[in-house]
*Asks:* 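Dropping a structure here in structure tokens format, bear with me for questions.
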Amino acid sequence: MKAIRRFTVRTVLPEAIAPLALLAKNLRWSWHLPTRELFSALNPEAWEQSEHDPMTFLGLVNREELHQLAADDAVVERVQQAAADLDRYLSEPRWYQGLGPEAPACIAYFSPEFGITEVLPQYSGGLGILAGDHLKAASDLGVPLIGVGLLYQAGYFKQSLSRDAWQQETYPVLDPDGLPLTLLREEDGSPALVTLPLPGNRKLRAHIWRADVGRVPLLLLDSNVPSNDDAARGITDRLYGGGGDHRLQQELLLGMGGVKALRVYQRLTGTPAPEVFHTNEGHAGFLGIERIQELMSSEAPLSWSEALAAGRASTVFTTHTPVPAGIDRFEAVQIRHFFDAGLAPDVPVEKVLDLGRENYDGGNPAVFNMAVMGLRLAQRANGVAKLHGVVSREMFSGLWPGFDHSEVPITSVTNGVHVPTWIDPKMSRLAANHFGSTDVDATGWDKVYSVDDAELWGLRRELRSALVEDVRRRLRASWKMRGAADAELGWTDTVLDPDVLTIGFARRVPTYKRLTLMLRDPARLKALLLHPKHPIQLVIAGKSHPADDAGKKMIQDLVKFTDDPAVRHRIVFLPNYDIAMARTLFPGCDVWLNNPLRPLEACGTSGMKAAINGSLNLSVLDGWWDEMYDGENGWAIPTANNDATATERDDIEAAALYELLETQVAPRFYGSTVSADAGAAGPSQSGPEAVPTHWVSMIKHTLAHLGPVVSAERMLQDYVNTLYRPAAVAGRQAGTASFKEAKELAAWSTKVRDAWPQLMVEHVDSIGVSEEPQIGDTLQVNAYIALNDITPEDVSVEVAYGRAQDGDELEDVALVELSEAEDLGNGRHLFTGTILINRSGSFGYTVRVFPKHPALASKAELGLIANA
């Protein structure tokens, strides 16, 4: 029989241990080891049965046992101490509280997915895990952040394999009442609602659920509301589950509905209004339209251009994709169809369409590009690694024609990982024993050099052994899902060896991440796996998007190789990669492998999670590794020349990978630990002195030097200092005196844009160069500019000079601003300045003009430039 309805009944706790409910509800437990240990100690068997989910755990402990626990003074004291510790954590001043009044009072962070814990499956991969780590680090640092996302009824899919190794997807429906969530309610007890109009006089209504991520509230919108029609109820059915109108409606709800949800939350809780809005990837870009609508419909309404200027000042946009294909794009007619229904009644629909229009060289004007809209609605933007910043500036350079790629106003903040979440408890205890720290973050690891090599090497073996045990359990379960009988699976009990070099590879499976590069030469890989002295073993995991058959085929090809009885004890593929699996996978691997097509990895944080546990990285120089590889924290896989074909490139890079494993990685791992007669069964330990000292030195170097820079705390501090604080200041200035500055900026921008086509650099000459110029000579540059209706105060005229290359391209450019020297009449002006010739060889210069205003964040902001 099947139930026609299901719901979750919440446990009623005795008063003496009632704080357990608060401890279970606040997701701090997902990274706070003492809280998890408390729940485990109450009933270890129920804790394992709950799969380490405190809410489920409390439902498994029966009423009689709860009263027994409440009568145990020691238990009550421990519960009360844990509750007091949580209260201190939530209320005490932290890093952010020392920044002073300039720091924003509240920051709204919008993302389509949040990976906080496997208990709340609202994530698919790196973007969501990054967003979850962003919230956790904000909580630890005391950053007053509010997260905004969607509550997906089925989350992301669960992955299994068919007998022939094809990926299968299932979508278990989630019950919000069984999750660590609280429904936001009005004062009369009714659920709070946000509403968006839809075409055909329909309505999209959404409830607002709150998750507490330490100090950070996370608001999740849920369209599964009885008053919605069936189509509207299904809008938040699953993460990235639909295309076309379905995806568009998800993004409208996330962006526009998310701002409405924030306003409801402010009203009900008294929380300060956000001073900064952070758009994490283009999916949430419509938040900017909703904010403009608010300003255009206020008691003192702003015009479109005024509201745009005011909203942009306090908006930050982060792009995570290095390829145009990774950006959501809709037909312009789709956008018009939905906005004609009154989504933003005071905002001209044509202005909305212009925001996302690809009206630049190489673009498609009929398409609405979500990332382009995000960039046009934000005064500050960033990529997620230094190399990704370079790639992003090139990819979006069409929005700023005439500017060098290096001047495109997209900076970078390299991603980080939340260390307390991803570090293994055994590593935490090592830090506590040697560094005196129990609340482990990325600091203090410079003391790791004092840890005995044998102790650290022994700990690494413990972590590897834990992974081996977990792999065997998961592999057996996977084979049973594929239809195997217990009698066929005895071999899974001896899969992997805790003394063999273990390499991990786990991530989403789009083709550019090249899951199967390791299979380029199957015979060579097999020889590496079965090497008599230096064998390796591989643990691989990853999900392909349900619509990506090419990714599924890569998984199938890999799994068929792993099914070979000759090697299946050395290489495994584990389906349904998630946070729970990652907890043993990252710490248990000696080496983390990453071999994407450079430069298509925006950042990639999986190798960071491995590194903070003492794993070494073996990766193509892409994403974060491109800037943080130093020769002692792992290995760089050489990249093929750009003129190689795709097939040649994969062949070359696979061969380089094999070569590194054979000649450097494996021999260094085994060091003196391989006995002279070690056979194919694996190496044997030759005693306590058998420690590969060079390998351990690399582990220590990685922990000491890489740990601090890959931490999400470093990342959050970078966001606060380089993006949030300037955005808050700009937003306040724009809004003061009834938006006086925003109005002035809008009027000025309109004037400059209208007059810019008539501006011209008429003539440039120079004085002071002899027939044989020498280093140390000064050069006076005179530029005659026809400004026409623009004043000299509205522009910056600068000379750019440097080494002149073939084609007259300038390299190693220096800049000097020229000053107005004379009004020549009829809108013509002379600007002049001097430059120092400071280098030998070919020397060149040019002059350019661009708008200047104190409210602009960069010279390229308006995308206007006049070159000589």
Side-chain angles (χ1 to χ4, degrees), residues 93 95-110 138 141-148 216 255 258-260 262-263 265-267 269-280 284-285 287-318 374-382 409 411 413 716-750 851-859 861-862:
W95 170 80
Y96 191 85
Q97 283 62 52
L99 297 183
E102 185 184 282
C106 183
I107 299 150
Y109 179 84
F110 286 64
L141 292 170
V143 179
L145 205 74
I146 300 177
V148 181
V216 173
V259 174
K260 292 177 184 291
L262 277 171
R263 304 311 184 198
Y265 183 74
Q266 288 171 235
R267 173 172 56 80
T269 64
T271 300
E275 292 191 276
V276 175
F277 286 76
H278 186 171
T279 310
N280 191 38
L287 73 87
I289 306 298
E290 180 64 25
R291 294 183 65 209
I292 289 171
Q293 167 62 32
E294 289 180 335
L295 293 169
M296 294 183 70
S297 61
S298 62
E299 292 182 4
L302 303 185
S303 68
W304 156 260
S305 57
E306 293 166 348
L308 176 62
R312 289 184 75 253
S314 56
T315 301
V316 173
F317 175 73
T318 298
L375 288 165
R376 286 174 170 157
L377 283 170
Q379 194 173 41
R380 289 164 180 82
N382 69 285
T411 184
V413 174
L716 249 292
Q717 289 169 337
D718 286 350
Y719 270 108
V720 167
N721 291 324
T722 64
L723 293 167
Y724 292 163
R725 293 170 78 177
V729 170
R732 290 172 193 153
Q733 291 173 342
T736 55
S738 300
F739 293 95
K740 179 175 181 290
E741 185 173 290
K743 293 174 181 177
E744 290 177 350
L745 178 62
W748 176 85
S749 297
T750 299
K852 181 173 69 173
H853 191 281
L856 297 180
S858 80
K859 66 177 70 172
E861 184 168 327
L862 296 188

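Side-chain atoms are counted along with the backbone in the values below, which use heavy atoms only and exclude waters and symmetry mates.
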*Asks:* Write down the atom of Val720, the atom of Pro726, and the distance for their closest heavy-atom approach.
*Replies:* O-CD, 4.2 Å
*Asks:* With rounding to the nearest 0.5 Å, note down the distance linking CD1 in Ile292 to CG in Leu287.
*Replies:* 9.5 Å
*Asks:* Taking all non-hydrogen atoms of both residues into account, name the closest pair between Ala742 and Ala310 and its distance.
*Replies:* CB-CB, 3.9 Å
*Asks:* Arg380 and Ala313: which non-hydrogen atoms are nearest, and at how many Å?
*Replies:* NH1-O, 3.4 Å
*Asks:* With a 3.5 Å cut-off and sequence neighbours excluded, list the donor-acceptor pairs that the side chains of residues 98-106 form with protein atoms.
*Replies:*
none

*Asks:* Classify the ring geometry of His278 against Tyr719: parallel below 30°, tilted from 30° to 60°, perpendicular beyond 60°.
*Replies:* tilted
*Asks:* Give, for atom CG of Leu302 and atom CE of Met296, the distance between the pair rounded to the nearest 0.5 Å.
*Replies:* 8.5 Å
*Asks:* Nearest 0.5 Å, what's the CD1-CZ distance between Ile107 and Arg725?
*Replies:* 10.5 Å
*Asks:* So which atom in Phe110 and which in Ala284 form the shortest heavy-atom distance, rounded to 0.1 Å?
*Replies:* CB-CB, 3.6 Å
*Asks:* Do Trp748 and Leu856 have side chains that approach each other closer than 4.5 Å (heavy atoms only, starting at C-beta)?
*Replies:* yes
*Asks:* Is the closest side-chain donor-acceptor distance between Thr411 and Asn382 under 3.5 Å?
*Replies:* no
*Asks:* Can you check whether Gln293 reaches Val259 side chain to side chain, under 4.5 Å on heavy atoms?
*Replies:* no
*Asks:* Can you find a heavy atom in the side chain of Leu377 that is under 4.5 Å from one in the side chain of Ile289?
*Replies:* yes
*Asks:* If a pair satisfies salt bridge (charged side-chain N to carboxylate O under 4.0 Å, His left out) and one of its residues is in residues 729-744, list it, with sequence neighbours excluded.
*Replies:* Glu275-Arg732, Lys740-Glu744
*Asks:* Indicate yes or no for a side-chain donor-acceptor contact from Gln379 to the backbone of Ala855 under 3.5 Å, with no hydrogens or angles considered.
*Replies:* yes
*Asks:* Any idea which heavy atoms bring Val148 and Gly258 closest together, and the distance?
*Replies:* CG1-CA, 3.6 Å
*Asks:* Looking only at non-hydrogen atoms, find the nearest pair between Leu862 and Ser749 and report the distance.
*Replies:* CD2-OG, 4.1 Å
*Asks:* With heavy-atom distances below 4.5 Å as the criterion, would you say the side chains of Leu295 and Leu308 are in contact?
*Replies:* no
*Asks:* Ignoring hydrogens and angles, tell me if any N or O in the side chain of Gln97 forms a donor-acceptor pair with the backbone of Gly142 under 3.5 Å.
*Replies:* yes
*Asks:* Among pairs that include at least one residue of residues 296-316, which meet salt bridge (charged side-chain N to carboxylate O under 4.0 Å, His left out), considering only residues two or more places apart or in two chains?
*Replies:* Arg312-Glu861
*Asks:* Supply the atom-to-atom distance Leu141 CG to Trp95 CH2, rounded to the nearest 0.5 angstrom.
*Replies:* 6.0 Å
